[in-house]
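Some notes on the structure that comes next.
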Amino acid sequence: ETGVTQTPRHLVMGMTNKKSLKCEQHLGHNAMYWYKQSAKKPLELMFVYSLEERVENNSVPSRFSPECPNSSHLFLHLHTLQPEDSALYLCASSQEGRGSHEQYFGPGTRLTVT
Amino acid sequence: DAKTTQPPSMDCAEGRAANLPCNHSTISGNEYVYWYRQIHSQGPQYIIHGLKNNETNEMASLIITEDRKSSTLILPHATLRDTAVYYCIVGSAGGTSYGKLTFGQGTILTVHP
């Protein structure tokens, strides 16, 4: 596997379910990101982990809970979601400390909340 | 981070050069200009970035004006597979240790036969 992978690619869940999205980067990067892309809206940054520490949480509701167990893996735990949480969830990684911010994105998980 | 302004859509004939403009008049001295693109329902793809000088890679060229208030992404020979939303983003680490990129609406580039 190369680049950034995300599983599952598609997920349908009810409002009372608990599920997790997984992201894995094979690039040796030290920062990882979760973005949300709703229909016809720009990408919104949700969480940032740098060197496995959460460094940004953009006022995301607590029903979204990130976890970064090591520099290669990032999870987004979901519980009691709302239909408006249906969106494309994108993971990205980058190598920070070089002064520029090339982020490499995964293919995304298309989430539908019913 | 500085804001950017891009046209909402552009068309280009296959095989011709696609020139995508971006205005970033409030850019500050340590901010880079990044270009990403997003093909329908896929994750964004990094294309190129620059600070002051023009840059070229295997995908595209980036021309930044001398005052850095605008830039142009050039796809020299557009193909149908270049149809995508193109995002111009200005970003800087500032006091942070990670890259904070703010995506706007971008330019929808349609390449037609």
Side-chain angles (χ1 to χ4, degrees), chain A residues 3-7 9-10 21 23 25 27 29-58 68 71 74 87-112, chain B residues 1-6 8-9 22 27-53 55 57-60 62 64 71 73 84-108:
Chain A
V4 181
T5 58
Q6 290 185 243
T7 54
R9 295 292 309 278
H10 300 272
L21 310 185
C23 175
Q25 60 97 359
L27 300 168
H29 289 165
N30 59 12
M32 296 187 77
Y33 309 76
W34 279 117
Y35 288 85
K36 174 184 177 182
Q37 188 173 34
S38 304
K40 307 217 187 279
K41 291 174 76 173
L43 276 80
E44 303 169 58
L45 180 64
M46 299 175 73
F47 300 105
V48 182
Y49 278 82
S50 178
L51 301 173
E52 299 158 45
E53 276 193 43
R54 191 191 310 180
V55 294
E56 180 129 356
N57 175 353
N58 270 357
C68 187
S71 61
L74 186 66
L88 181 67
Y89 289 85
L90 292 155
C91 172
S93 71
S94 66
Q95 181 62 28
E96 295 310 319
R98 296 191 303 201
S100 67
H101 311 302
E102 303 155 46
Q103 293 184 16
Y104 293 85
F105 286 78
T109 294
R110 174 71 61 187
L111 173 67
T112 303
Chain B
D1 292 337
K3 285 192 64 175
T4 62
T5 304
Q6 298 178 253
S9 63
C22 179
I27 192 170
S28 61
N30 66 344
E31 289 182 314
Y32 288 83
V33 180
Y34 296 85
W35 283 85
Y36 286 76
R37 73 181 183 184
Q38 187 174 22
I39 296 170
H40 182 61
S41 292
Q42 297 182 22
Q45 178 188 23
Y46 164 80
I47 301 173
I48 199 167
H49 75 278
L51 186 62
K52 292 184 197 176
N53 300 320
E55 303 287 344
N57 63 20
E58 63 279 2
M59 288 183 69
L62 174 60
I64 303 174
S71 61
L73 179 75
V85 181
Y86 286 78
Y87 299 100
C88 169
I89 302 165
V90 171
S92 168
T96 65
S97 61
Y98 62 92
K100 187 166 181 176
L101 300 176
T102 302
F103 286 78
Q105 297 284 5
T107 295
I108 301 171

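The chains referred to below are lettered A, B, ... by the order of the sequence lines, with proteins before strands, and numbering in each begins at 1.
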Inset, instruction - Determine whether A:Pro42 and B:Gln105 make a side-chain contact, defined as any pair of heavy atoms from C-beta on separated by less than 4.5 Å. - result: yes

Legend entry - Flag if over 12 foreign heavy atoms under 6.0 Å of CD1, B:Ile108: no

Legend entry - Contacts of type side chain to side chain donor-acceptor pair (under 3.5 Å), residue B:Tyr36, not counting sequence neighbours: none

Legend entry - Residues which pass ring-ring contact (aromatic ring centres under 6.0 Å, His included) with B:Tyr87, listed by chain and number, not counting sequence neighbours: B:Phe103

Legend entry - Non-hydrogen side-chain atoms of B:Ile89 and A:Gln103 separated by less than 4.5 Å: no

Legend entry - Engaged part of A:Leu90 at the chain B interface, taking heavy atoms whose separation is under 4.5 Å: side chain

Inset, instruction - Could you tell me the separation between the OG1 atom of B:Thr102 and the CG atom of A:Leu45, rounded to the nearest 0.5 Å? - result: 7.5 Å

Inset, instruction - Give, as side chain, backbone, both or neither, the part of A:Glu44 having an atom under 4.5 angstrom from any heavy atom of chain B. - result: neither

